Amino acid sequence: MKRYDLIVIGAGPAGLSAAIEAAKCGMKPVVFDENAKPGGQLFKQIHKFFGSKEHRAKIRGFKIGDDLLKEAEEYGVEVVLNATVIGLYPEKEVTVKIGDEVKHFKGDAILAATGASENMVTFKGWTKPGVIGAGAAQTMMNLHHVMPGQRVLMLGTGNVGLVVSYQLLQAGCEVAALVDAAPRVGGYGVHASKVSRCGVPFYLSHTIMEAEGDEYVTGVTIAEVDDKFQFIPGTEKHFDVDTICVAVGLSPMSQLLAQAGCKMLDTPGGYIPECDEFGQTSIDGIFAAGDVSSIEEASSAMIEGRIAGVSIAAAAGYLTEEERKEQCGALESALGSLRKGMFAPENRGKILKETEEGIEISTNLLAKGYVAEDEITRYPGFVKKAGVHPVMECTQNIPCNPCQDACPKGCITIGENITSLPVVDVEKDCIGCGMCVASCSGQAIFLIDEEYEEGYASVTMPYEFLPLPEKGDTGTALDRSGKEVCLAEVVSVKSAKAFDHTNLLTIKVPKDMADKARFFQR
Amino acid sequence: MISVDDKLKEIGKYIPQPDDDMLVCRCEEVTKGEIRQAVHAGMFTIEEIRRFLRCGMGLCQGQTCGKLVKGIVARELKVSPAELEPAVSRAPMRPMEMEILGRDGGDK
Amino acid sequence: MGRIAEHPILGKAPEKDTVTFIFDGKEMEGKEGEPIAAALKAAGVMVHRYTKKKHEPRGIFCAIGRCTDCVMIVDGQPNVRTCITPLKEGMKVQTQYGVTAKEEGKGAGL
Amino acid sequence: MKKAADVIIIGGGINGCAAAYYLAKRGVKDVIVLEAAKSIGHGGSSRNGGGVRQSGRDPRELPYAMYAVKHMWPTLSEELGVDVEYCQAGNLRLGKTEAHLEKLNRLAQNARNAGVDVRMIDAKEVKEINPYLSDEIIGASWCPTDGHANPMLTTLAYYKRAVELGVSFVKDAPVKAIQKVKGKARKVITADGTVFEGETMILAAGYESREIARTVGIDIPMTRYFEEALVTEMQPPMFDQMLGTADADFYGHQAKHGSFVFGSECGLEEAADMPLTDTRTSSLTMSAGCRAIMGYIPALKDAKIVRSWGGWLDMCIDEVPVISPVEEVPGLILACAFTGHGFGTAPSVGLMLSQMVVGEETVVDISALRYNRFKADR
């Protein structure tokens with residue numbers, strides 16, 4: 001039987017990263033993936049990632065996927081696509097469907113990096129055509145270039161629900177509403193805000209009563225729920241939609257590990273293999289990394305994969321214990337920094353009242369998806385000064401810091417702690433280059449110039465929609481909630497390679513709208 | 001040790017709920033009410049439930065409904081879902097044509 | 001539903017050959033190699049099958065080959081996951097009723 | 001939790017559940033059933049091909065196999081209030097070689113001697129009965145009164161009905177020992193030390209019965225054997241017969257919901273040495289099974305396998321079960337070593353076990369299955 005020193009199952013971020021690290025150490029790993037393309041979910045991620053440089057922050061997911069593939073090729077990692085692993089057996093044997101036959105391979109080590117699948121909730125009509133997973137929407141629009149629907153309602157305000165809602169808007173769909181049974185937005189506030197200011201209403205403490213339609217979805221009724229998640233009569237709201245997207249979390253796809261007999265743990269985050277610090281399961285030589293071992297962001301999955309790759313190489317004698325410690329140490333500290341902040345694993349389910357800086361958290365953001373005008377002023381990124389300057393509407397402690405490197409003038413500081421809120425130094429001179437605006441994965445930075453013209457201010461915002469407005473276009477400015485606040489004129493549209501498809505759209509609005517206008521609608 | 005008598009007494013009689021007709025297993029078209037009634041008939045494990053009702057035994061092998069079924073059974077039994085063992089995982093991980101499976105290339 | 005000709009981040013959709021396939025006897029167009037389900041979605045087809053017990057309509061649900069809700073009869077073969085089966089010129093795609101096509105069930109390629 | 005009863009049944013498989021049901025039905029409701037697993041019917045009862053057949057059986061089994069088919073299976077769904085998917089559409093035992101036909105003929109002769117309608121048919125008639133079968137088949141034995149049912153549903157239906165009639169079941173209660181009190185089997189001790197007491201006990205715990213029986217000095221000469229099966233996706237209705245082969249390399253049927261269930265082997269099963277709780281399938285059997293199935297039903301080549309499973313058989317040295325009271329241990333009744341074909345006979349076995357408990361004559365004579373039949377034969 002053909003034997004590899006490492007067989008990786010799944011060519012997503014974790015699997016590829018592990019194979020790359022193992023190959024760097026001299027191993028000859030093979031990666032099997034059932035899909036026609038490698039990269040797992042990375043190629044559906046068209047938003048910029050969070051983190052710092054070492055986590056490849058501000059780079060879009062699909063580009064990270066491209067880079068990972070290049071790196072895999074460079075180190076000679078064998079990636080076999082359309083290769084469905086159909087069984088994993090205790091003697092570290094896999095059976096793989098490749099082409100029209102089944103092949104058997106053994107590995108001295110096996111790494112399962114099989115990812116996650118979407119959770120579902122039931123509601124009346126949930127089986128009707130038109131009710132889809134949020135992942136299905138991403139797959140259709142970002143991989144296959146087909147619109148999942150014309151008018152969509154999103155259930156779930158975790159990061160997936162928020163990010164996919166924004167992507168639906170980018171694909172040209174209308175998003176009728178974002179709905180969540182929980183009383184608070186689950187995902188990053190910045191993700192919520194960028195959807196909210198486009199005019200998408202948030203309905204927290206609401207859920208779907210019924211998906212309507214005979215043959216397929218033609219509408220949906222939602223209603224408010226009480227603290228026991230029971231519908232409150234009289235609170236029903238109807239929307240004409242053709243698509244309902246469900247984004248209610250992910251579960252590890254750990255079936256292969258369970259089949260092999262690995263000791264499994266049933267946790268609130270799903271059915272996961274019991275792993276040691278190196279990602280080894282209860283079966284010697286069978287490892288797990290990425291979402292299959294715990295649901296996190298792709299950035300974490302990549303580091304976890306690298307740690308597993310290094311550990312496997314060490315176990316196989318390709319690295320000394322000292323080398324392993326050194327390499328794993330660096331990776332673990334990188335992983336540690338991603339697991340900090342308000343959304344850190346240990347904060348899951350907790351209701352935080354204030355930021356690490358001791359600033360009260362925006363209740364409006366959690367309840368409605370945007371920071372209220374009277375709340376935003378208390379954050380250190382919100383400053384007022386003469387001339388053009390950044391206004392940073394970043395109000396939660398998330399592990400992300402590209403903005404501080406983006407500013408050539410040093411106006412922005414996050415500091416040592418990657419989750420700290422950005423601080424704008426009003427003493428430093430902003431030149432209005434907009435690098436910070438484009439660098440912000442949360443699209444939370446605006447350039448404001450309250451003295452743009454007599455009686456008028458300019459607001460520069462990140463803009464990632466088509467068609468791109470042109471200088472001279474007139475339209476309406478929307479506030480953080482997506483409400484129309486005033487007329488606006490486009491005075492500048494900047495696109496640059498360095499901005500990576502985040503265009504800088506500058507509009508002119510009456511001076512008193514400088515702190516209100518956050519989006520432009522033609 | 002699980003005394004079926006004691007457990008049935010503890011969970012009480014089956015009381016119909018308005019959403020009992022909700023489909024839970026999309027493949028085998030098993031409803032919430034059928035699952036709840038099976039629990040009250042003494043089926044306390046995911047294995048017993050699926051052997052009795054076929055939920056999770058269809059084309060997708062429970063990949064969609066597994067967690068949902070578990071939640072319903074746990075609620076009915078008044079235990080946390082983590083106390084219920086999930087259904088066993090079995091090859092093949094994806095539905096696979098016999099002709100392909102039969103063409104076992106071994107290690108070649 | 002329609003196709004996304006140009007995307008603000010992904011740019012223009014990659015050029016692919018247009019192929020013709022038959023859906024329930026009607027000629028339709030799609031892109032070579034895209035999933036059958038994507039071609040149907042672009043053409044506005046929502047219902048892929050009707051279930052066996054309750055005869056309820058089903059369509060795309062997970063789009064990655066897991067849930068098996070989008071199965072149809074493809075070239076006479078029932079239970080084909082259309083979301084992961086590439087479209088080819090001349091394919092015959094039929095709505096699935098239970099496990100057969102509507103024309104009285106001959107079934108599994110028999 | 002109730003710990004004392006008139007009858008303690010060790011093993012919540014189909015025979016234990018059926019015995020409990022027939023006891024309760026006749027009024028003996030003070031019964032406790034102890035099941036080692038968390039699920040009822042977790043052993044061979046849920047892991048078999050669902051055959052309800054008389055053909056191909058040892059003459060010693062035929063009387064009660066026939067009794068079940070004639071008097072019990074046809075009304076079982078109605079009696080238990082659960083559709084157990086019994087389908088009496090015949091059993092075809094297929095042969096591809098002259099040697100196969102010879103073997104089938106011998107088995108058919110046995111059955112005919114006992115009064116079962118089993119006859120040999122030629123390839124043409126095989127095709128008339130089942131047009132999907134391979135051209136390589138040159139003949140078969142045909143028993144029109146055989147059939148199949150759903151083993152999981154049947155087991156759970158007996159369980160459900162027994163619960164309704166007042167039988168006490170305890171799951172996750174693996175029995176470690178039986179203890180005699182004043183010369184009579186009286187106590188049953190589980191792994192955690194809990195003691196159950198009963199006047200009579202039925203030991204119906206599959207292969208595990210051997211270890212338990214040893215605790216009262218009884219050894220049932222049986223071995224264990226691992227077997228696997230494949231399940232296809234739902235298919236349009238194709239045929240109703242139960243299929244088997246002379247070679248026993250393949251058996252199966254199409255279940256009511258459309259899936260086919262086929263037993264399958266890769267040839268290495270004799271060497272299986274995992275613990276009994278390990279029922280994981282091997283990496284080789286699925287492919288071998290598919291080849292065997294396609295060899296008999298080529299039309300299924302495009303059908304997809306959705307699941308494989310495995311289970312342990314309790315193989316008796318002389319290939320028929322032990323169903324009898326044990327004279328040396330008064331109060332103990334054995335019902336084990338079913339050798340892989342205990343499902344179809346469970347109704348009549350359950351009934352006869354209930355009769356043994358109350359000291360009634362069994363509906364048919366099964367003295368050939370007594371425990372005391374084992375003697376040195378050379």
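Below, read A as the first sequence line, B as the second, and so on, with proteins coming before strands; counting in each chain starts at 1. Hydrogens, waters and symmetry mates play no part in the numbers below; they use all other heavy atoms, side chains included. Just so it is clear, the model here is predicted, and its values are computed rather than measured.
At least one side-chain heavy atom of S259(D) sits less than 4.5 Å from a side-chain heavy atom of R54(B). Counting heavy atoms from C-beta on, the side chains of K171(D) and V4(B) come closer than 4.5 Å. Put simply, the side chain of M43(B) reaches to within 4.5 Å of the side chain of Y159(D), judged on heavy atoms. The shortest distance between side-chain heavy atoms of K304(D) and E97(B) falls below 4.5 Å. E47(B) places none of its side-chain heavy atoms less than 4.5 Å from the side chain of S46(D). Side-chain contact between W309(D) and V88(B) is absent, with no heavy-atom pair separated by less than 4.5 Å. Put simply, the side chain of M152(D) does not reach to within 4.5 Å of the side chain of R50(B), judged on heavy atoms.
Most heavy-atom pairs under 4.5 Å with chain B: of the set T281(D), I305(D), D172(D), this distinction falls to I305(D). In terms of non-hydrogen atom pairs under 4.5 Å with chain D, the most contact-rich of G102(B), C27(B), A41(B) is G102(B). The most heavy-atom pairs under 4.5 Å with chain B, out of T279(D), N150(D), V82(D), L34(D), come from T279(D).
Neither the backbone nor the side chain of I100(B) comes within less than 4.5 Å of any heavy atom of chain D. Heavy-atom distances place no part of F260(D) under 4.5 Å from chain B, backbone and side chain included. M1(D) touches chain B through backbone and side chain together, each having a heavy atom under 4.5 Å away. Only the side chain of I293(D) comes within less than 4.5 Å of a heavy atom in chain B; its backbone stays farther off. Looking at V231(D), neither its backbone nor its side chain comes within 4.5 Å of chain B, counting heavy atoms on both sides. For a residue to count as touching a neighbouring chain, one of its non-hydrogen atoms must lie under 4.5 Å from one of that chain's; by this rule V163(D) touches chain B with the side chain only. Contact annotation for M57(B): both backbone and side-chain heavy atoms come within less than 4.5 Å of a heavy atom of chain D. H257(D) touches chain B through its side chain: at least one heavy atom from C-beta onward sits under 4.5 Å away, while N, CA, C and O do not.
One N or O on the side chain of E48(B) and one on the backbone of I40(D) form a donor-acceptor pair closer than 3.5 Å.
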